[in-house]
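When reading the values below, keep in mind they use all heavy atoms of this one structure, side chains included, and skip hydrogens, waters and symmetry mates.
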Amino acid sequence: MALFSQIAAALLLMLQLELHLVGGSEAAAPQTLSCPAPAGVPGTPGHNGLPGRDGRDGAAGPKGEKGEPGLSVQGPPGKAGPAGPPGPQGQNGDPGSPGSTNNDLVKSLQSELQSLKVRFSTMEKATSFPIFKRVGQKYYASNGMKAKFAESLEFCTDAGGTLVLPRSEAENKALSAMHASLGSTYILLGTTDRETEGQFVDLNKKPLTFTSWRENEPNNYEGTEDCAATDTNAKWNDLPCDSAYTFVCEI
């Protein structure tokens, strides 16, 4: 029923509109229908139109309040600037302490260097012989030659050494072991009793601190035995100084 009323109202409204359009030319003023009609049903809302153009900028507003200070962050360092002019020369400093420690060190190094030079020279002299043997801090060296006491001593002195003389049992055995390489029976020793018979001394005329005499030796056989030699058993025997024996130099 309500739907029918709405349709009738719409038809009535359309009829009034047609009458208004047709009779508009015949009457000076439109006739007003005295019959009231109910309101029609609202139509579906249309779509929103396009936005209008931006308006003009408004006037500047008042100045705002001061904000809080920002974080204190250091920026990256800038490029290095050019070097400045040299400054004035400073005053001389106080004198340093005496370099006694450095002097002691230098002396110690010089002493060590000299010791190395001596050792190298000793080794160089010993290796110039075809047969040599290291005994402690020295060398026993020989070329296998035979000579009298005076000639043997002169040869060893010219070679930078002296005629061999063991100072201990170890040195005595080391010397005796060289018989095998030399093929010798006796090796001449650097000792004599020429000044006092029966008292053998070294080449510096000092009493011997080590000996290894055979039993009943030295005996100065026939009064001519003023020198000495060691045999293959590391035992000593007094012998004539004018006889030739194998000799070994101590370097």
So does Phe210 have more than 12 non-hydrogen atoms from other groups sitting under 6.0 Å from CZ? yes
Has the side chain of Asp238 got a donor or acceptor atom that lies under 3.5 Å from a matching backbone atom of Asp226? no
Check the surroundings of atom NZ in Lys133: do more than 12 heavy atoms from other residues, nucleotides or ligands lie under 6.0 Å from it? yes
Examine distances only and state if a side-chain atom of Asn204 and a backbone atom of Lys206 form a donor-acceptor pair shorter than 3.5 Å. no
Acceptor/donor pairs from residues 181-190 side chains to any protein atom, 3.5 angstrom cut, sequence neighbours excluded:
unit_1	atom_1	unit_2	atom_2	d
Ser184	OG	His179	ND1	2.7
Tyr186	OH	Arg214	NH2	3.0
Tyr186	OH	Asn237	ND2	3.4

May I ask you to decide if Asn219's main-chain N or O and Glu217's side chain share a donor-acceptor pair within less than 3.5 Å? yes
Can you name the residues that form a salt bridge (charged side-chain N to carboxylate O under 4.0 Å, His left out) with Asp202, not counting sequence neighbours? Arg167
So, Arg134 side chain and Gly136 main chain: donor-acceptor pair closer than 3.5 Å or not? yes
Indicate if Leu208 and Leu203 have the same hydrophobic cluster label, given that clusters are the connected sets of ILVMFWY residues with side-chain heavy-atom separations under 4.5 angstrom. no
Do Met145 and Phe149 share a hydrophobic cluster, counting only Ile, Leu, Val, Met, Phe, Trp and Tyr and linking them when any side-chain heavy atoms are less than 4.5 Å apart? yes
Angle class for the Trp213/Phe200 ring planes (parallel below 30°, perpendicular above 60°, tilted otherwise)? tilted
Let me confirm one number: the SG-CZ distance from Cys249 to Phe129, rounded to the nearest 0.5 Å. 4.5 Å
For the atom pair OG1 (Thr191) and NZ (Lys205), what is the distance rounded to the nearest 0.5 Å? 13.0 Å
Can you give me the closest heavy-atom contact between Trp236 and Leu165, atom names plus distance? CH2-CD1, 4.1 Å
CG on Leu175 to CD on Glu250, rounded to 0.5 Å: 9.5 Å
Nearest heavy-atom neighbours spanning Leu153 and Thr157: O-OG1, 2.8 Å
Any sub-3.5 Å donor-acceptor pair from Ser152's side-chain atoms to Lys148's backbone N or O? yes
Is there a donor-acceptor contact under 3.5 Å from the side chain of Ser111 to the main chain of Lys107? no
Measuring only between side-chain heavy atoms, which start at C-beta, is Cys227 closer than 4.5 Å to Leu239? no
Lys125, NZ: over 12 other non-hydrogen atoms inside 6.0 angstrom: yes
When you group the ILVMFWY residues by side-chain heavy-atom contacts below 4.5 Å and let the links chain together, are Met123 and Ile131 in the same group? no
Can any side-chain N or O of Ser176 pair as donor or acceptor with the backbone N or O of Asn172 at less than 3.5 Å? no
NZ on Lys173 to OG on Ser168, rounded to 0.5 Å: 10.5 Å
Heavy-atom donor-acceptor pair, Thr246 side chain to Gly144 backbone, under 3.5 Å: no
Single-linkage hydrophobic cluster Phe155~Tyr245, side-chain heavy atoms < 4.5 angstrom: yes
Would you mind checking if Lys138 and Glu171 are paired as a salt bridge, meaning a charged N to carboxylate O distance below 4.0 Å? yes
Following the transitive rule for hydrophobic clusters with a side-chain heavy-atom cut-off under 4.5 Å over Ile, Leu, Val, Met, Phe, Trp and Tyr, establish whether Phe247 and Ile251 coincide in one cluster. yes
For Ser212 and Ala234, the nearest pair of non-hydrogen atoms, with its separation, is OG-O, 3.0 Å
Please round to the nearest 0.5 Å and tell me the distance separating atom CD of Glu225 and atom CG of Asn220. 6.5 Å
